[in-house]
K.L.:
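Pasting a structure below so you can have a look.
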Amino acid sequence: MAGKGESAGHNRVVSLVSAASELIEIKARLWNGYINVRILLYDYEDNESGPRSENARENTKKPKEFLCRIYRFSYLTLQLPNIIQYFQDFQPELAQRQLWFEYEGVPVKWNLPVGFLYDFLHLPSVVGDIEGSSGRSWTLVLRTQEYPSEYIIPFIYKNHDSAPDYDRCLKEVIVNQLKQSSFVLNGNSRSIMSLSETNSAKLWNSIKTHNLPVYESVNKKILPKDRAQRLPIKIYIPGTATIIQAPISPTKEDKTTSLRDVLETHLPHLFGPKNGNIAVPYIQGVDAGSLLDESLQTTWEIFKHLDNFLYIVVIPKN
Amino acid sequence: KITIRFVPIGSTPRITSAVFTISSNQTVSTLTKFLGKMLKTKEHVYVYIQNSFQPNPDEKLNDLYHLFKTNNELIVSYCQSVAFG
């Protein structure tokens with residue numbers, strides 16, 4: 001009997017250790033996840049005046065193409081220096097313009113993480129075709145004119161050469177998102193407001209340079225020490241303007257809140273005993289169906305983005 | 001409908017009436033446009049929730065209200081320059 005107990009205890013320790021190392025592995029895999037992005041630049045926007053030669057028309061049909069890999073835990077604007085450098089040979093005035101990205105006619109919100117943008121904009125069209133889509137890239141069009149300020153945040157800060165200061169604009173958005181999520185988590189944003197200058201700079205640089213250890217070392221100063229008051233979660237439904245952000249407590253009447261609880265409460269027409277589950281939640285590009293009954297706080301801890309929000313994309317089944 | 005209270009920061013002018021009720025499905029960008037009109041400015045108006053963060057323009061006022069209200073009002077501070085770093 002004693003032997004049996006010992007081995008059960010031993011097994012428990014082994015499984016705890018392996019669970020911890022699995023967690024580290026999952027975090028690293030998420031952090032290193034990237035998306036192959038193909039960026040197209042047409043030159044029609046700049047050739048509106050004057051008759052076009054046969055040659056120019058030919059060029060219009062064939063856009064210039066820039067291929068890159070962008071981490072899911074990153075932002076499109078961070079790629080702009082490389083993109084500008086590459087396309088500048090074809091359109092020298094590019095650097096002065098407010099650049100924006102378009103996906104199938106829709107302006108892409110640069111203030112959101114790339115992994116989320118891919119899941120929200122592109123994933124619905126490749127779901128169910130996972131085999132065929134692997135290795136394929138996500139194609140965006142780089143636009144140089146007619147910045148759609150109504151749909152995406154304008155770049156209000158300029159460098160001294162009057163080119164948009166993309167870095168400063170992105171930094172401001174991220175810091176504010178971090179304050180917002182911190183407020184939800186802690187009931188105030190004191191932890192981030194009181195970060196030292198050095199730590200704030202470290203945090204921003206770790207986001208820019210994709211450095212996980214540095215990012216985590218500063219971010220843990222922002223996160224609640226023990227229990228989160230509420231969880232910063234955003235739920236999106238592709239093709240709609242629906243964004244759900246609600247006060248979600250990690251526990252309710254001593255019961256741990258699960259993803260299922262949240263979906264059934266806020267999207268009863270898509271989830272729940274009445275209608276059956278007629279949609280699938282995706283988190284970081286992964287079908288989160290198997291996480292429905294797990295603790296939402298644990299899922300948030302593992303899958304949250306750089307701004308400490310957990311992004312859930314709900315795709316209705318066909 | 002939800003109630004919003006506008007509070008100026010620093011030397012930003014006060015608007016005539018500070019408390020408004022607004023349809024809850026409006027977004028933050030409606031709010032900034034409205035403030036721009038009230039302040040008669042074409043400059044960017046910065047808005048802050050809980051004197052700490054700027055919400056994204058596409059966020060719904062209803063969501064922000066339920067997350068960040070104080071005494072059943074969503075307190076929105078505004079300013080014509082960046083206020084809280």
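A, B, ... follow the sequence lines: proteins, then strands. Residue 1 opens every chain.
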K.L.:
Quick one: does any side-chain atom of A/T77 pair with a main-chain N or O of A/Y166 as donor and acceptor, under 3.5 Å?
P.N.:
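Between the backbone of A/Y166 and the side chain of A/T77 there is no qualifying donor-acceptor contact (under 3.5 Å).
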K.L.:
With a sphere of 6.0 Å drawn around NZ of B/K40, does it hold more than 12 non-hydrogen atoms of other residues, nucleotides or ligands?
P.N.:
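It does not: B/K40 NZ has 12 such atoms or fewer within range.
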K.L.:
Which label fits A/Y147 and A/W100: parallel for a plane angle under 30°, tilted from 30 to 60°, or perpendicular past 60°?
P.N.:
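If you compare the ring of A/Y147 with that of A/W100, the planes turn out perpendicular.
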K.L.:
Applying a heavy-atom distance below 4.5 Å, give me the residues of residues 17-37 of chain B that approach chain A, sorted by number.
P.N.:
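So far as heavy atoms go, B/K33 are the residues that approach chain A to under 4.5 Å.
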K.L.:
Does the ring centre of A/W110 sit less than 6.0 Å away from the ring centre of A/F155?
P.N.:
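Close enough - the centres of the two rings lie under 6.0 Å apart.
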K.L.:
Look at the rings of B/H44 and B/Y46 and say which category their plane angle falls in: under 30° parallel, 30 to 60° tilted, over 60° perpendicular.
P.N.:
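The arrangement is perpendicular - the two ring planes meet at more than 60°.
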K.L.:
Report the C-alpha separation of B/F68 and A/V184 in whole Å, then their side-chain angles, then the decisive distance to 0.1 Å, and conclude whether the side chain to side chain contact (heavy atoms under 4.5 Å, CB included) test is met.
P.N.:
CA-CA 8 Å; B/F68 306 112; A/V184 174; 3.6 Å; yes
K.L.:
Checking the side chain of A/N219 only, and the main-chain atoms of A/Y215 only, is there a donor and an acceptor separated by less than 3.5 Å?
P.N.:
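No; zero donor-acceptor contacts below 3.5 Å.
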K.L.:
May I ask you to check whether A/F309 and A/H305 place their ring centres under 6.0 Å from each other?
P.N.:
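For A/H305 and A/F309, the ring centres are not under 6.0 Å apart.
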K.L.:
Could you tell me which portion of B/I49 (side chain, backbone, both or neither) has an atom closer than 4.5 angstrom to a non-hydrogen atom of chain A?
P.N.:
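The answer is neither part of B/I49.
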K.L.:
Please confirm whether the backbone N or O of A/S258 pairs with a side-chain atom of A/D261, one donor and one acceptor, at under 3.5 Å?
P.N.:
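It does hold such a pair.
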K.L.:
So B/S77 and B/N51, side-chain hydrogen bond (donor to acceptor under 3.5 Å, both in side chains) or not? Walk me through it.
P.N.:
CA-CA 6 Å; B/S77 4; B/N51 272 337; 2.7 Å; yes
K.L.:
If the contact rule is any heavy atom under 4.5 Å from chain B, which residues of residues 229-252 of chain A qualify, in numerical order?
P.N.:
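If one takes a 4.5 Å heavy-atom cut-off, the residues of residues 229-252 of chain A near chain B are A/R230, A/K234, A/I243, A/I244, A/Q245, A/A246, A/P247.
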